[in-house]
Structure formats: structure tokens, C-alpha cells
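Every value quoted in this text rests on a predicted model; they were computed, and no experiment measured them.
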Amino acid sequence: STTTDFNQWRSEGRQLLTDCLQLLPPPPTDWQLQVEATEPRQALPCDQPTSGNGQQSSGNGRYEARRITFNVSAWSRVPAYLLVPEGPGPFPAVLLLHDHGAHFTIGKEKMVRPFGVSTEVQQDAEEWTTRCYDGSFVGDSLAARGYVVLSVDALFWGERGCQEGPDYDVQQALASNLMQMGSSWPSVIHADDLRSAELLASLPMVDSKRIGCLGFSMGAYRAWMLAAWSDVVSCSAAVSWLNTTGELMTLTNNQNKGGSAFSMLIPTLRRYMDYPHVAALACPKPALFFNGTRDKLFPVAGVEAAYTHLHEVWRSQGAEQQLTTRLWDEKHFFNRTMQQEVLRFFDEKLK
């Protein structure tokens with residue numbers, strides 16, 4: 001780009017991103033939010049909110065879990081979990097964006113402890129949080145800390161799965177059909193994420209100026225994409241998804257394997273911007289990026305190159321203090337210490 005004015009560059013970049021997403025689902029005319037079931041909750045020991053130094057933090061640990069349905073677009077009505085802290089509000093809020101993991105039987109249940117579900121789904125969620133989140137339901141930790149939390153199934157996960165079942169190869173058929181119709185799988189996912197954030201902003205118990213988003217793995221990619229695309233969210237935290245195209249274009253990388261990559265590949269976008277360029281559209285908002293040095297999916301050289309670019313952009317706007325990047329001695333995993341750091345980040349930026 002030859003544009004030298006940052007605000008103009010960001011506006012142009014967002015428009016390019018929108019153009020490349022193509023044929024976005026139209027927004028709903030009415031959310032028609034319905035509460036299907038509720039459950040009062042008290043923070044469990046594994047979810048007890050603590051600050052980085054291990055001390056009790058804001059939030060009394062009591063909140064209500066709600067199973068809701070709402071119109072995420074003019075085409076789709078979706079189920080979701082909404083967690084609401086005890087108290088008068090308005091509260092800060094966090095949109096939780098679940099991972100890919102080639103594990104499609106659950107989506108929102110990866111982030112929020114489910115209720116009113118089958119034994120199989122409950123066990124599935126418990127096992128997945130152990131595998132990827134160090135045994136913690138991140139959504140429940142946030143709600144106990146005083147945040148409204150929303151978590152929604154992305155298309156093809158959980159209750160938005162296909163009739164053929166959660167087959168690894170069927171995702172390629174989904175992506176191919178959407179491409180044939182002039183759209184793409186990530187177009188639907190990102191549009192649904194944006195509408196979900198807008199729903200959060202419309203809720204009476206939420207302070208619309210204090211909304212963040214958080215995700216791990218594909219959820220991290222979704223988080224920085226949303227922050228780059230829209231100012232409905234005022235800050236973002238992305239754990240274990242950032243790199244450069246050059247470092248990901250190897251035969252052994254997941255970005256070149258089977259159908260999974262199609263959930264994150266936006267047609268024609270690389271004509272204009274690489275991953276860190278898109279992420280930089282969120283500047284000067286507060287943003288956190290964590291990656292692991294032992295994460296085989298994201299080469300360290302690509303992470304470091306991406307971090308360097310992000311710091312250059314935030315520094316150019318006098319906002320480098322709003323950017324947090326860190327490489328952890330960790331594999332592709334969102335451990336409890338990392339979670340505490342993210343919670344502290346949100347406390348600083350949203351409270």
C-alpha cells in the first residue's frame with residue numbers, strides 16, 4: 001500500500017478484508033434471543049478466579065449459566081451459552097471463540113461447562129478441557145471473575161454439525177460447496193463471530209464499551225480477525241495461532257493438510273495482506289498474543305517475524321504499551337499460568 005495515513009490504511013485494509021470474505025451472511029433483523037434453560041453456579045476450585053500472584057480477584061464467584069438461542073444471521077438461528085455474573089452490572093464481557101482441533105462433536109462446550117446435556121457430551125467436554133486447557137473451563141473462570149461470557153458453536157461444530165456426522169473429511173465438502181456458491185467457510189465463521197459480538201453489545205447487563213474476545217488455536221485466529229475487522233470488541237487475546245504464510249507453506253504443516261485449512265483460508269486475501277498485516281488492523285487497541293516454542297503447528301521463526309511486524313505497527317501509533325506478545329516454553333496448549341496472564345490482561349484493559 002502507498003497509503004501513509006494510518007487511519008486511512010486501516011479503513012482500506014478492513015474494506016479489502018470484507019471484500020475478500022465474499023457473500024457474507026446477511027445480518028439478522030431481530031436477535032429474537034430466547035433463554036431455554038438456566039443454572040445457578042458457584043466457582044469450582046478448578047475455576048476459582050485468581051490474579052497472577054494467586055490472590056482472589058474481582059468477582060464473587062457466583063454467576064448464572066444460561067442456555068440461549070438467537071438469530072446470528074438472516075439465515076441461521078444458533079444455540080449458545082451465556083454466563084452472567086451475580087450483581088447489578090453493567091459488566092465487561094468476553095466473547096469466547098472455540099478451537100478447531102479436528103474435533104467437531106463439541107464447540108461451545110470446549111469453553112463453557114455444559115449443563116442439561118448427555119453424559120457423552122459432558123464427558124467429551126471434560127476430556128477436551130484436560131487435553132487443551134489444563135482442565136479449566138475458561139468461560140466459567142471469566143464469569144466467576146465478573147465478566148459476561150458468550151460462547152457459540154461455529155458452523156460444523158457441536159449442534160451446528162452436519163447430518164453426515166463429525167467426519168474429518170466432510171469439512172472439505174462443506175468448504176467446497178460454499179466456494180461453489182461464491183462464498184467461503186471462514187466467511188460464515190467470521191460473520192457469525194461479528195454478529196455474536198454485536199449481540200453481546202446489545203445486552204442490557206453488558207457495558208458495550210468493554211467487550212473483549214479470546215480464543216485458543218483456531219479460536220485465537222478468530223479472535224485477532226474479529227479485533228482487526230470490527231471495533232465492537234475493544235481488546236483481544238489470541239493464544240497459539242499466529243505466523244507468516246511463508247513459514248506455514250510446508251508439506252507437513254496443518255495449513256496444507258486435508259480440509260481443516262479451509263476453515264481459515266480466505267480466497268484472494270494473500271494478494272494484499274499476510275496474517276500479521278491483517279492482525280495489525282486492530283491497532284491501537286489492546287491486544288495479546290501468546291505462542292509456544294514447542295508448538296509444532298507454528299514455527300518459531302514465523303511467530304517472531306509476526307511479532308516484530310505487530311510491534312512496528314503499534315509503535316508507529318505510540319501504542320506499543322497496548323501490545324503484549326510472548327513466546328512460552330510450551331506446546332500447542334493453553335495452560336493455567338497462561339490463563340491467569342490473560343485474565344490479568346482483561347482485568348487491566350476491561351475493568
Side-chain angles (χ1 to χ4, degrees), residues 1-21 97 99-100 186 189-190 193 212-231 233 235-250 253-256 261 263-293 295-328 330 332 338 342 345:
S1 174
T2 58
T3 301
T4 56
D5 178 79
F6 178 79
N7 290 329
Q8 182 182 346
W9 171 83
R10 184 174 56 188
S11 178
E12 292 172 354
R14 286 179 169 178
Q15 186 57 55
L16 278 172
L17 177 57
T18 302
D19 293 343
C20 291
L21 284 170
L97 304 165
D99 60 75
H100 187 298
I189 292 174
H190 294 313
D193 291 345
C213 58
L214 164 64
F216 162 71
S217 194
M218 184 189 77
Y221 163 78
R222 295 164 62 192
W224 57 252
M225 279 286 293
L226 177 59
W229 195 23
S230 170
D231 288 329
V233 294
C235 71
S236 60
V239 180
S240 297
W241 210 116
L242 188 66
N243 222 261
T244 61
T245 299
E247 291 293 333
L248 295 180
M249 289 184 69
T250 63
N253 192 276
N254 271 16
Q255 282 299 93
N256 292 321
S263 63
M264 292 166 278
L265 294 179
I266 300 172
T268 74
L269 184 58
R270 290 306 168 272
R271 291 175 58 190
Y272 310 104
M273 294 179 284
D274 198 358
Y275 297 114
H277 305 147
V278 177
L281 294 172
C283 178
K285 290 187 288 189
L288 176 148
F289 295 87
F290 285 167
N291 284 81
T293 57
D295 188 339
K296 296 180 180 179
L297 298 177
F298 297 99
V300 171
V303 175
E304 291 177 335
Y307 283 0
T308 296
H309 178 73
L310 295 180
H311 279 280
E312 289 174 352
V313 175
W314 261 260
R315 188 183 309 119
S316 76
Q317 301 308 303
E320 194 170 17
Q321 74 280 4
Q322 300 287 7
L323 177 65
T324 300
T325 61
R326 180 173 173 181
L327 270 165
W328 294 71
E330 185 56 273
H332 196 68
M338 298 165 79
V342 170
F345 168 79

Q.
Quick check: closest heavy atoms across Ala306 and Thr244, and the distance to 0.1 Å?
A. N-CG2, 4.3 Å
**Q.** Spacing of OG belonging to Ser240 relative to CZ belonging to Phe290, to within rounding of 0.5 Å
**A.** 10.0 Å
Without placing hydrogens or testing angles, list every side-chain donor-acceptor pair under 3.5 Å for residues 264-273, not counting sequence neighbours.
unit_1, atom_1, unit_2, atom_2, d
Arg270, NE, Thr245, OG1, 3.0
Arg270, NH1, Met273, O, 3.3
Arg270, NH2, Tyr275, OH, 3.3

Q: Please list all pairs passing the salt bridge (charged side-chain N to carboxylate O under 4.0 Å, His left out) test where one or both residues lie in residues 302-319, with sequence neighbours left out.
A: Arg315-Glu320
Q: Kindly say whether Phe289 contributes a backbone atom to a donor-acceptor pair with the side chain of Arg326 at under 3.5 angstrom?
A: no
Q) Between Arg14 and Asp231, is the closest basic N to carboxylate O distance under 4.0 Å? A) yes
Q.
How long is the straight-line distance from OG1 of Thr18 back to CG of Leu16, given to the nearest 0.5 Å?
A. 9.0 Å
Q) Going from CG on Leu323 to OH on Tyr307, what distance comes out if it is rounded to the nearest 0.5 angstrom? A) 9.0 Å
**Q.** Heavy-atom side-chain proximity of Leu281 to Trp9 below 4.5 angstrom
**A.** yes
Q. Quick one: does Ser236's side chain get under 4.5 Å of Leu214's, heavy atoms only?
A. no
Q. Step by step, would you call Glu12 with Thr3 a side-chain contact (heavy atoms from CB on, under 4.5 Å)?
A. CA-CA 9 Å; Glu12 292 172 354; Thr3 301; 2.8 Å; yes
(Q) Whether the side chain of His277 engages the backbone of Asp274 through a donor-acceptor N/O pair (distance < 3.5 Å, no angle test) should be reported. (A) yes
(Q) Under a 3.5 Å cutoff, is there a donor and acceptor pairing between the side chains of Thr293 and Trp328? (A) no
Q. Minimum heavy-atom separation for Ala237 to Val342, with atom names?
A. CB-CG1, 4.0 Å
Q. Taking all atoms of both residues into account, what is the closest heavy-atom pair of Leu310 and Ala280, and its distance?
A. CD2-N, 3.9 Å
(Q) I'd like to check Asp99 versus Trp241 (side-chain heavy atoms, cut-off strictly below 4.5 Å). Are they in contact? (A) no
Q) Going by atom types only, do Ser217 and His332 share a side-chain donor-acceptor pair under 3.5 Å? A) yes
Q: Determine whether Arg10 and Cys283 make a side-chain contact, defined as any pair of heavy atoms from C-beta on separated by less than 4.5 Å.
A: no
**Q.** N/O donor-acceptor pair under 3.5 Å between Asn291 side chain and Val300 backbone
**A.** no
Q | Closest heavy-atom pair and its distance - Asn243, Gly302 | A | OD1-CA, 3.3 Å
Q) Just how far is it from atom NE2 of His100 to atom CZ of Phe216, taken to the nearest 0.5 Å? A) 13.0 Å
Q.
Using a 3.5 Å distance criterion without hydrogens, assess whether the side chain of Ser316 forms a donor-acceptor pair with backbone atoms of Val313.
A. yes
Q. Within the side chain of Trp314, is there an N or O that forms a donor-acceptor pair under 3.5 Å with the backbone of Lys285?
A. yes
Q. Which atom pair, heavy atoms only, marks the closest approach of Ala319 to Pro284?
A. CB-CB, 3.6 Å
Q.
With rounding to the nearest 0.5 angstrom, report the OG to CE distance, Ser230 to Met225.
A. 12.0 Å
Q. What is the distance from atom CG of Leu226 to atom CD1 of Ile189, rounded to the nearest 0.5 Å?
A. 13.0 Å
Q.
Measuring only between side-chain heavy atoms, which start at C-beta, is Trp224 closer than 4.5 Å to Cys213?
A. no
Q: Determine whether the aromatic ring centres of His190 and Tyr221 lie less than 6.0 Å apart.
A: yes
Q. Is Val303 close to Leu242 at the side-chain level, that is, under 4.5 Å between some pair of heavy atoms?
A. no
